[in-house]
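Quick note: residue numbers are just sequence positions, from 1.
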Amino acid sequence: MPPPAVYLDHSATTPVRPEALEAMLPYLSESFGNAGSIHAFGRSAKAAIDRAREQVAALLNADPRHILFTSGGTESDNLAIRGVLAAAGPNRRRVLVSAVEHHAVLHAAEYVRKHEGADMRVLSVDAAGRVDMHELESLLDDTVAVVSVQHVNNETGVVQPIERIAERCAERGVLFHTDAVQSAGRIGLDVQRTPVSLAALSGHKLYAPKGVGACYVAKGVAFEAQAIGGAQERGRRAGTENVAGIVALGLACELARTEMTAEAERLRNLRDRLEQGILAYIPDTRVNGAGVDRAPHILNVGFNGADGESLILALDLEGVAVSSGSACTAGSLDPSHVLLAMGQSHQEAQSALRFSLGRGNTGADIDRVLNILPAIVQRTRG
């Protein structure tokens, strides 16, 4: 009988929590009302959305009125870049983004550069993937509409100093957006302590379903809606609400908030055990982002002389699921833009694997990977 599968790709997507699935099922059956209807069916759906809005807000220590439900992280990122720029005055046409952002941010910024005449500036990073603060501060002026720097990098787990970035932006009167898709529910984001203007969340990274997310929008932040048609979400995002998905996201956020401290410590121990084992048993390897603050659930390792895609396929044949980076770039022959921005060569970038841990992982999973990975790497190098 084959050993059970080991899933180490939680940064790509997470399984839906049983509690979240159970919470959403009634809204796919008997409680099927449209939240925009004023009869009892509609009022029930609206009440469920209001409750979920409070749960999501609590995870960020935000006012529920500042939570906007979306289809996921990509829509929230687009809203923050394209929506804010559309509402900015004619003198604020510059967008600053880091070189290691998710493509949802990079491509949105590139879009406004090509089609809306914006001045897109890409901030460089150091060898660990952290934003160059001196460059950022030199570019902050009254022509900047928005700065977007992710909280946790989705490939390396490196934590950006968003507190400092947000403070600098606030001092200059510039809006600051952070993609918090990989940090929400894992290391925490308190919008009362960190002056974030906008933040993106994604349900399927938090053990809720795919197709639902949220965008935190601070008081007074002007943006133009990108989905036009109805008055849903107080006129900020048209379209009939995904009530079941929103309910699941709300509960997932509530559970993440109560479990975050203990789960982060558990995942950190598992990650460190995996990291130490790889470095001890496999020569000529490197941890990408080593030496700086990293989220507890992501480990990115380069195996010099090996091909990352070959390693992924070999591990998959052994029942172990990992990735080489963002799932949004799967199938691309190009090496990771994140690792390239950190100064690595194409060959180095293409030798990397991302292991991302989650609720279902145990020490037995780590042991299994450490038992099979050395031989796989040696074979691939050969």
Side-chain angles (χ1 to χ4, degrees), residues 9-12 73 77 96-107 109 120-139 147-166 168-169 176-184 186-187 189 194 199-200 205 264 267-268 271-272 274-275 278-279 285-304 308 322-329 332 334-357:
D9 201 16
H10 290 83
S11 290
D77 287 337
L96 307 183
V97 298
S98 88
V100 295
E101 294 301 304
H102 190 279
H103 280 123
V105 168
L106 290 175
H107 289 173
M120 171 189 176
R121 298 294 180 94
V122 179
L123 303 169
S124 58
V125 298
D126 62 19
R130 296 171 301 181
V131 167
D132 185 330
M133 289 297 297
H134 295 296
E135 182 182 17
L136 170 63
E137 292 176 1
S138 71
L139 292 172
V147 173
S148 183
V149 177
Q150 62 195 172
H151 193 185
V152 168
N153 185 266
N154 53 295
E155 294 191 25
T156 65
V158 169
V159 181
Q160 296 286 1
I162 65 167
E163 294 81 6
R164 289 175 56 200
I165 297 172
R168 297 296 182 274
C169 289
F176 174 61
H177 163 255
T178 189
D179 182 325
V181 165
Q182 293 294 340
S183 64
R186 292 187 172 96
I187 66 172
L189 172 61
T194 303
K205 313 292 188 177
L267 292 178
R268 184 177 292 107
R271 183 204 63 189
D272 290 349
L274 177 60
E275 177 179 322
I278 289 174
L279 294 177
T285 59
R286 68 189 179 281
V287 174
N288 296 315
V292 300
D293 189 18
R294 287 178 290 151
H297 65 297
I298 299 176
L299 172 64
N300 191 297
V301 181
F303 300 89
N304 293 335
V322 300
S323 70
S324 58
S326 172
C328 297
T329 58
S332 171
D334 296 328
S336 162
H337 73 284
V338 172
L339 299 181
L340 292 179
M342 291 163 59
Q344 297 191 13
S345 68
H346 280 60
Q347 187 174 15
E348 288 173 327
Q350 286 180 322
S351 74
L353 292 185
R354 180 187 68 183
F355 305 86
S356 48
L357 289 72

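For the atom pair Leu123 CG and Asp132 CG, the distance stands at 8.0 Å (nearest 0.5 Å). Annotation: the span from Asn153 atom CG to Met342 atom CE amounts to 8.0 Å, rounded to 0.5 Å. The OG1 atom of Thr285 sits 9.5 Å away from atom CD of Glu275, with the distance rounded to the nearest 0.5 Å. Here the straight-line distance linking atom CG of Leu96 with atom SG of Cys169 works out to 7.5 Å at 0.5 Å rounding. Within the model, atoms NE2 of His297 and NE2 of His10 stand 10.0 Å from one another, a figure rounded to the nearest 0.5 Å. Considering CG of Asp179 and CD1 of Ile162, their distance stands at 10.5 Å, rounded to 0.5 Å.
Using a 4.5 Å cut-off on side-chain heavy atoms (C-beta onward), Arg168 and Val147 make no contact. Using a 4.5 Å heavy-atom threshold, the side chains of Leu279 and Val287 count as touching. At a threshold of 4.5 Å between non-hydrogen side-chain atoms, the residues Arg186 and Val152 do not count as touching. Using a 4.5 Å heavy-atom threshold, the side chains of Asn288 and Gln344 count as touching. Using a 4.5 Å heavy-atom threshold, the side chains of Leu189 and Thr178 count as touching.
Considering every non-hydrogen atom in both Val158 and Ala128, the closest pair reads CG2-O, 3.3 Å. Closest non-hydrogen pair, Asn300 versus Ala352, comes out as OD1-CB, 3.6 Å. Residues Val159 and Ala295 share a closest heavy-atom pair of CG2-N, 3.6 Å. In terms of heavy-atom proximity, Ala180 sits nearest to His151 at CA-CB, 4.3 Å. Taking all atoms of both residues into account, the shortest heavy-atom contact from Gln182 to Ser11 is NE2-O, 3.0 Å. For Phe176 against Ile165, the heavy-atom pair with the smallest separation is CE1-CG2, 3.4 Å.
Side-chain contact of Ser351 with Glu348: a donor-acceptor pair under 3.5 Å is absent, judged by distance alone. In summary, the side chains of Ser323 and Asp9 do present a donor paired with an acceptor at a separation below 3.5 Å, with no hydrogens or angles considered.
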Verdict with reasoning, Val97 to Val122, per side chain to side chain contact (heavy atoms under 4.5 Å, CB included): CA-CA 5 Å; Val97 298; Val122 179; 4.3 Å; yes
Ser98/Gln160 under side-chain hydrogen bond (donor to acceptor under 3.5 Å, both in side chains): CA gap, chis, key distance, verdict: CA-CA 10 Å; Ser98 88; Gln160 296 286 1; 4.9 Å; no
Evaluation steps, side chain to side chain contact (heavy atoms under 4.5 Å, CB included), between Glu101 and Asp77: CA-CA 11 Å; Glu101 294 301 304; Asp77 287 337; over 6 Å; no
Derivation of the side chain to side chain contact (heavy atoms under 4.5 Å, CB included) call for Thr156 and Arg294: CA-CA 8 Å; Thr156 65; Arg294 287 178 290 151; over 6 Å; no
Criterion side chain to side chain contact (heavy atoms under 4.5 Å, CB included) on Leu274 and Val301, from CA distance to verdict: CA-CA 10 Å; Leu274 177 60; Val301 181; over 6 Å; no
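Heavy-atom neighbours of Glu137 CD from other residues, nucleotides or ligands within 6.0 Å: above the threshold of 12.
A perpendicular orientation is assigned to the rings of Phe355 and Phe303, their planes being inclined by more than 60° (bins at 30° and 60°).
Panel note: side chain Arg130, backbone Asp293; no donor-acceptor pair is recorded below 3.5 Å.
Partner His337 forms a ring pair (Phe, Tyr, Trp, His ring centres under 6.0 Å) with one of His346, His103, His107 and no other, that one being His103.
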